[in-house]
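This report refers to the structure that appears directly beneath it.
For the numbers below, each heavy atom of this structure counts, side chains included, while hydrogens, waters and symmetry mates do not.
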Amino acid sequence: MSKESIKVRDPLPFGYQFMAGAIAGVSELLVMYPLDVVKTRMQLQTSSAGPDSYKGLFDCLNKIIKREGPKQLYKGISSPILMEAPKRATKFAFNEKFQKWYGSVAGLAPGQVNQTISILSGASAGITEACVIVPFELVKVRLQDVTSRELKGPIDAVKKIVKTDGILGLYNGLEATIWRHALWNAGYFGVIFQVRSMLPKADTRMNKIRNDLIAGTIGGTVGCMFNTPFDVVKSRIQSNGNQMVDPESPLKMIKKYNWSVPAVKTIYKEEGFSALYKGFVPKIARLGPGGGILLIVFGGVSEFFQKMRDEAQ
């Protein structure tokens, strides 16, 4: 792990970072959302046998379009749209905050970061992000779940969740979401730091876009490699079909998946190691280049805000 530290430009105020992250998140979502629908469908599938099962990314896309229509690829997007702004805003804004705080604790000069700080700040921002977006993620999964066709939209989903599980039911899957976001952000921001240090200097705007695309895509890919098992678990925990017969009381239904580590063990035991990476291809297809899009848009919007601030001074 590189111990080298890099001087970064004085960060923008929190509000500007929050806005830049929000714009970046919504931009990435509008382009890549159909792959998220495919990923969730594949993660909720417990068997690969039968004519209705999904054999891969393109098979899933084809079956959704053929059976349910192209609009289904954007089903549930209203919840992510509402979620994406605070989600990505929290990711980038709090990552900057944690970088500053961890750098101060480590005795680095103001504006200096290293890979260790990048990983720690990314994980911390991911935990913060997870706590913000759990209700939105829950609603999104319920709307994407093929077994929840009776849901009329996000408001209907929220009403049914609260009616069944109470207000705290909106935080179903919080622990798995924390694992998912902490691991993805740690991998994403840690790899971005390392890759940027290896790339040629970004002396022009196009070279900066090139570097951000490469670093963000690699960072997003590595983040997916780390967190996919917990993403699968989160989808299972939050799905409408997370039920099984209680072994001790056959007339009673209980949740099959509750906590992440036991759920990982259950999936591995019943379905094999590959089941922990269900939906990996569409996830990589979205969050690999999606990570590059995020970094490019966040960097571009931040630069715009930086120029506004400089001109105002």
Passes side chain to side chain contact (heavy atoms under 4.5 Å, CB included), Y33 versus K140? Steps please. CA-CA 11 Å; Y33 184 75; K140 184 200 73 170; 4.0 Å; yes
Evaluate side chain to side chain contact (heavy atoms under 4.5 Å, CB included) for I237 paired with N258, printing each intermediate quantity in order. CA-CA 6 Å; I237 289 173; N258 284 299; 6.0 Å; no
Could you tell me which residues satisfy side chain to side chain contact (heavy atoms under 4.5 Å, CB included) with L73, sequence neighbours excluded, listed by chain and number? P34, L61, I64, I65
Of all heavy-atom pairs linking T177 and A130, the shortest is O-CB, 3.6 Å
Residues at least two apart in sequence or cross-chain that pass side chain to side chain contact (heavy atoms under 4.5 Å, CB included) with M32, listed by chain then number, are E28, L35, R286, P289, I293
With side-chain hydrogen bond (donor to acceptor under 3.5 Å, both in side chains) as the rule and sequence neighbours excluded, what pairs involving residues 125-134 come up? K91-E129, E129-H181, E129-N185
The reported gap from OG in S197 to CD1 in I192 (rounded to nearest 0.5 angstrom) is 12.0 Å
What donor-acceptor contacts under 3.5 angstrom involve side-chain atoms of residues 263-270, with partners at least two apart or in another chain?
residue, atom, partner, partner atom, Å
T266, OG1, P262, O, 3.0
E270, OE1, K256, NZ, 2.8

To the nearest 0.5 angstrom, please state how far the OG atom of S53 sits from the CE atom of M42. 10.0 Å
List for me each residue that meets side chain to side chain contact (heavy atoms under 4.5 Å, CB included) alongside T228, sequence neighbours excluded, and say none if there are none. C224, V232, Y277, F280, K283
Residues passing the side chain to side chain contact (heavy atoms under 4.5 Å, CB included) test with I127, sequence neighbours excluded, are I178, A182
All heavy atoms of V297 vs all of A24, minimum pair found to be CG1-CA, 3.5 Å
Compile the donor-acceptor pairs under 3.5 Å between side chains in residues 199-211 and protein atoms, sequence neighbours left out, one pair per line.
residue, atom, partner, partner atom, Å
D203, OD1, N207, ND2, 2.6
T204, OG1, N207, N, 3.1
T204, OG1, N207, ND2, 3.3
N207, OD1, R210, NH1, 3.3
K208, NZ, D212, OD2, 3.0
N211, ND2, P200, O, 2.9

State, to 0.1 Å, how close G169 and L138 come at their nearest heavy-atom pair, and which atoms those are. O-CD2, 3.2 Å
Kindly indicate whether the side chain of Q99, heavy atoms from C-beta on, has any atom under 4.5 Å from the side chain of Q112. no
Considering residues at least two apart in sequence or located in another chain, which fulfil the salt bridge (Lys or Arg N to Asp or Glu O under 4.0 Å) criterion with R180? E137, D231
The complete set of ring-ring contact (aromatic ring centres under 6.0 Å, His included) pairs with one or both residues in residues 219-242, sequence neighbours excluded, reads W179-F230
Sequence neighbours left out, what pairs pass side-chain hydrogen bond (donor to acceptor under 3.5 Å, both in side chains) with at least one residue falling in residues 159-168? D156-K160
Between CG of N62 and CG of L57, what distance do you get to the nearest 0.5 Å? 11.0 Å
Given the options S118, S124, S121, Y102 meets side chain to side chain donor-acceptor pair (under 3.5 Å) only with S124
Besides W259, the hydrophobic cluster formed by Ile, Leu, Val, Met, Phe, Trp and Tyr side chains linked at under 4.5 Å, directly or via other members, contains none
F92 meets the ring pair (Phe, Tyr, Trp, His ring centres under 6.0 Å) criterion, sequence neighbours left out, with F189, F298
Nearest non-hydrogen partners of R142 and Q238, listed with the distance: NE-O, 2.6 Å
If you measure from the Lys or Arg side-chain nitrogens to the Asp or Glu carboxylate oxygens, is any gap between K278 and E271 under 4.0 Å? yes
Which pair of heavy atoms, one from G190 and one from I119, lies closest together, and at what distance? CA-CG1, 3.7 Å
To the nearest 0.5 Å, what is the distance between CE (M19) and CZ (F304)? 9.0 Å
On a heavy-atom basis, the closest approach of G216 and L295 is N-CD2, 3.8 Å
